[in-house]
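Everything quoted here is computed from the prediction, not taken from an experiment. Below, chain A is the first sequence line, B the second, and so on; all start at residue 1.
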There are 2 protein chains.
Amino acid sequence: MKPMSNKEGFVLRLEDFLPYRLVVAASLVSQATARTYSTKYGIGIAEWRVIAQLGEFGTMTAKQIGERSHMHKTKVSRAVATLTRKKMLAKRANRDDKREAFLSLSPVGLEVYESIAPAAQALSQRMFGEVSSEDRDAFERVLNTVTARAAALADTSAELPD
Amino acid sequence: MKPMSNKEGFVLRLEDFLPYRLVVAASLVSQATARTYSTKYGIGIAEWRVIAQLGEFGTMTAKQIGERSHMHKTKVSRAVATLTRKKMLAKRANRDDKREAFLSLSPVGLEVYESIAPAAQALSQRMFGEVSSEDRDAFERVLNTVTARAAALADTSAELPD
DNA sequence: TGACATTGGTTTCATTTGTAACTACTTTGC
DNA sequence: GCAAAGTAGTTACAAATGAAACCAATGTCA
């Protein structure tokens, strides 16, 4: 099964194709990470992200959570709903704007956060721990620029010629 | 909205948390890339991956495609089905093992490949083009180790203590 | 003030996805 | 040669997902 060089000539070597490799890596990382919390607390990726945001920032509206975590608002909405059902969230109405509500972790939610966060950190260590700090810095730099670029490209819904 | 340092003390700074950033970047890249083919040829990510594999390697079984592209076999199966419906694939039975079949691109499929592949390449250039080659090398190194590590962790379905 | 657009958030609906069960075929061990 | 186990691929079913419609509240602007 060697790369074929077909008549027309253009062959994309997926192994060398960074977007592809990035996506594959991310999906594996995501899968591996999910096991940390999904099994233990019966919550999914979206739920964990909400908890993580609130664990870090204390109090946010659903909108803010969505923005910071790059999650679709329906996803946030549903994650908040299930977390509320599980008593992991505290919801406080905003007197000045009754459309939104301030969300934060309930004691139970905080417990979960305090239990999962270190585990996630440890897992990250196992995955990224052995790369040199120079490589890690470079990695972060690339992630930064790529994220920015891709976000710009992904946003332009109509502004692209086809 | 500044990071809170809650009582228990452990705070996970998501902005610095590599698995998280990796996943976010990948999802944006994936979104941006999808636009290249989804609109133009009415095919999805899975379909494109199948085409890309066949474009690169010529002939493969569904199993091989799944392995190389890290796709679930049902996903491959369905992608192959829709591509077949679109006359983009050629299927040849394997006389020695009637369970599997050899897949390759039909002329139409090859056309699609030859049209999408350079576009994907160009898009990749727009996203990764401006990073230095040293950074890119480092990036690849990290992707390699992380992919390996994560794959190992993700595989162990039952072998983890909880 | 009051129409109209906008926004935070939820719900509905169709599509996508993965798990598990299943079919057809092949391999293994006796 | 044959029963049992395993494998490639499909299908049925349930859960996750996103687009679009929707609701209630807010902002805008005449």
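- The CZ atom of B/Phe102 sits 13 Å away from the P atom of D/dA8 (whole-angstrom rounding).
- Residues satisfying the ring pair (Phe, Tyr, Trp, His ring centres under 6.0 Å) test with B/Phe139, not counting sequence neighbours, are A/Phe139, B/Phe128.
- In this structure, B/Leu22 is not a member of the same hydrophobic cluster as A/Val23, with clusters built from ILVMFWY side-chain heavy atoms closer than 4.5 Å.
- Residue B/Arg99 places a side-chain atom within donor-acceptor reach of the base of D/dT7, judged by atom type and a 3.5 Å distance cut-off alone.
- Look at CD on A/Glu67: it is 13 Å from C1' on C/dG9, rounded to the nearest Å.
- In this structure, A/Arg95 and B/Ala62 both approach DNA chain D, and ranking their closest nucleotides by distance from the 5' end singles out B/Ala62.
- Taking a cutoff of 4.0 Å between a charged side-chain nitrogen and a carboxylate oxygen, A/Arg13 and B/Glu56 qualify as a salt bridge.
- One atom, CG of B/Asn94, and another, P of C/dT26, lie 9 Å apart when rounded to the nearest Å.
- Across all strands shown, B/Ala101 has heavy atoms under 4.0 Å from sugar-phosphate atoms exclusively, and none from any base.
- The pair A/Glu47-A/Lys86 fails the salt-bridge criterion, with no side-chain N (NZ, NE, NH1 or NH2) lying under 4.0 Å from an Asp/Glu carboxylate O.
- Taking atom CG of B/Leu103 as the reference point, atom P of D/dA8 lies 14 Å away to the nearest angstrom.
- For A/Lys63 and C/dG8, the shortest distance from a side-chain N or O to OP1 or OP2 is below 4.0 Å.
- In this structure, A/Lys98 atom NZ and C/dT6 atom C1' are separated by 18 Å, rounded to whole Å.
- With rounding to whole Å, A/Asp96 atom CG is found 17 Å from D/dA24 atom C1'.
- Applying the side-chain contact (heavy atoms from CB on, under 4.5 Å) test to B/Ser115 and every residue at least two apart in sequence or in another chain returns B/Tyr41.
- Using a cutoff of 4.0 Å between basic side-chain nitrogens and carboxylate oxygens, B/Glu140 and A/Arg21 are scored as salt-bridged.
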Practice problem: Let me have a per-nucleotide readout for nucleotides 11-21 of chain C, 5' to 3', with B, S or -, counting only protein heavy atoms under 4.0 Å. | Solution: BB----BBBB-
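- Distance, A/Asp97 CG to D/dT28 P: 12 Å, rounded to whole Å.
- Ion pairing of A/Glu15 with B/Arg68 is present here, as a side-chain N (NZ or NE/NH1/NH2) and a carboxylate O approach within less than 4.0 Å.
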